[in-house]
Amino acid sequence: MLFETSERIELTDEEFRLLASFIYEHAGLYFDEPSRFLLESRLQNRLKEHHFESFLKYYHYLLYHQDRIFELNALVDIVTTNETYFYREKNQLDAFAEEILPELAQRNGKKKRLRIWSAGCSTGEEPYTLAILCSESGLFDGTWEVDIIGTDISQRVLQTARKAVFSQSSFRATEEYPLNKYFNRTEEGKFALDESIRKMVHFGHLNLMDHKMMGLIRECDIIMCRNVIIYFDKNAKAKVINSFFRKLAPGGYLLLGHSESLMNLTTVFKLKHLTKVMVYQKPGEDIV
Ligand SMILES: C[S@@+](CC[C@H](N)C(=O)[O-])C[C@H]1O[C@@H](n2cnc3c(N)ncnc32)[C@H](O)[C@@H]1O
């Protein structure tokens with residue numbers, strides 16, 4: 001073989017354009033010119049594993065090979081940013097526990113059902129935090145159906161989420177109380193989540209850009225989508241936000257990351273000021 005495996009393979013202008021638009025079309029993730037080097041370095045190992053000497057060959061493999069779906073999953077695992085941890089963004093979680101949950105417990109009191117969706121949940125710390133907060137609230141006894149789902153486009157992070165065993169770095173914002181109450185120390189020095197919380201959350205593979213798959217999500221009371229659409233361009237963001245609007249029950253809440261807003265994207269949500277944070281609410285007849 002003429003090709004020297006330790007060499008760095010260069011991403012040409014044309015290959016960058018093709019791969020960036022392929023990733024954008026598939027996942028909504030936007031790689032602009034400044035992130036070109038990042039894409040080039042993240043994909044080096046995929047090319048080496050397949051013994052491709054150019055990104056164009058890799059691109060053709062993604063388009064036409066019979067195993068393209070497997071490679072697509074590998075590509076997604078590589079190009080996504082999966083940073084997350086328990087109790088991320090305390091002010092918003094306080095609002096969730098102290099203001100949003102009591103309101104929904106009252107509003108849904110007759111049907112006794114609460115459905116929460118963590119969209120772009122990564123390794124699960126976010127939906128599990130929500131499950132702990134629901135449990136700690138004491139608002140939902142055994143007669144309630146509390147359904148928390150976590151979805152992500154990356155199969156690799158979902159595997160970790162389902163195992164529910166976390167390392168120290170997942171707890172940078174966690175206080176002693178929930179750590180002691182809901183986690184058991186493993187022999188490897190990790191932290192295994194208690195079964196009572198683990199069973200409250202179900203995980204699914206879902207690409208937010210996949211209209212058909214989005215159709216499978218049932219009506220939700222709360223959608224939390226934080227630090228996910230920051231990697232999308234305006235069109236992709238608008239598409240996902242419109243889907244969230246359709247998926248929310250009237251009066252349901254959309255919680256984005258603290259640096260994210262719907263400004264210049266849509267005006268269909270009502271901006272609601274809670275004590276410490278602002279949240280988006282889907283208007284409905286009975287909403288004050
Ligand atoms: C930075 S993590 C955020 C995790 C968590 N929401 C938080 O704020 O801690 C972003 C996650 O969004 C997922 N993601 C990116 N594009 C996606 C898409 N098109 N559909 C579903 N998930 C996506 C990534 O795989 C990644 O796990």
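Each ligand, and each atom within it, is numbered from 1 in the order the structure gives. Only heavy atoms go into these numbers, but all of them, side chains included; no hydrogens, no water, no symmetry mates.
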J.: With heavy atoms under 4.0 Å as the rule, classify the contact between L29 and ligand 1 as side chain, backbone, both or neither.
T.: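 Side chain only; the backbone of L29 stays clear of ligand 1.
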
J.: Is it the side chain (CB and beyond), the backbone, both or neither of I153 that lies under 4.0 Å from ligand 1, heavy atoms counted?
T.: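 Both backbone and side chain.
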
J.: For ligand 1, note which part of R226 has a heavy atom under 4.0 Å away: side chain, backbone, both or neither.
T.: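 The answer is both.
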
J.: Among protein heavy atoms, which sits nearest to atom 8 (O) of ligand 1, and what does the distance come to when rounded to 0.1 Å?
T.: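 Nearest neighbour among protein heavy atoms for atom 8 (O) of ligand 1, to 0.1 Å: N227 ND2, 2.8 Å.
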
J.: Would you call A27 a ligand 1 contact, heavy-atom distance under 4.0 Å?
T.: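 For ligand 1, residue contact (heavy atoms, under 4.0 Å) with A27 is present.
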
J.: Under 4.5 Å between side-chain heavy atoms, counting indirect links through other Ile/Leu/Val/Met/Phe/Trp/Tyr residues: same cluster for V279 and L114 or not?
T.: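 Yes, V279 connects to L114 through the hydrophobic network.
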
J.: Give me the ring orientation class for F166 and F86: parallel if the planes are under 30° apart, tilted from 30 to 60°, perpendicular past 60°.
T.: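 Ring orientation of F166 relative to F86: perpendicular.
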
J.: Between F191 and Q168, is the side chain to side chain contact (heavy atoms under 4.5 Å, CB included) condition met? List the steps.
T.: CA-CA 8 Å; F191 299 84; Q168 190 74 53; 3.7 Å; yes

J.: So, regarding E126 and ligand 1 (criterion: nitrogen or oxygen to nitrogen or oxygen, under 3.5 Å), is there a contact or not?
T.: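 Yes, at least one N or O pair falls under 3.5 Å.
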
J.: For residues F203 and Y128, establish whether the separation of their ring centroids is below 6.0 Å.
T.: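 That pair passes the under 6.0 Å test.
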
J.: May I ask you to check if ligand 1 and G120 share an N or O to N or O distance below 3.5 Å?
T.: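 N/O-N/O distance under 3.5 Å: yes.
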
J.: Say whether T84, considering both its backbone and side-chain N or O atoms, lies within less than 3.5 Å of an N or O atom on ligand 1.
T.: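 By distance alone, the answer is yes.
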
J.: Using ring centroids (six-membered ring only for Trp), state whether F183 and F171 fall under 6.0 Å.
T.: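 Between F171 and F183, the centre distance is under 6.0 Å.
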
J.: Suppose I only count heavy atoms of N207 and a 4.0 Å limit; which atoms of ligand 1 are within that range?
T.: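 Those atoms are 18 (C), 19 (N), 20 (N).
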
J.: Counting each atom of ligand 1 from 1 as listed, which ones have a heavy atom of S122 under 4.0 Å away?
T.: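 Answer, ordered by atom number: 4 (C), 27 (O).
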
J.: N/O to N/O below 3.5 Å, does that happen between Y85 and ligand 1?
T.: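 Not met; the criterion fails.
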
J.: Would you say CD of Q106 has more than 12 non-hydrogen atoms from neighbouring residues, nucleotides or ligands within 6.0 angstrom?
T.: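 Not buried by this count: 12 neighbours or fewer within 6.0 Å.
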
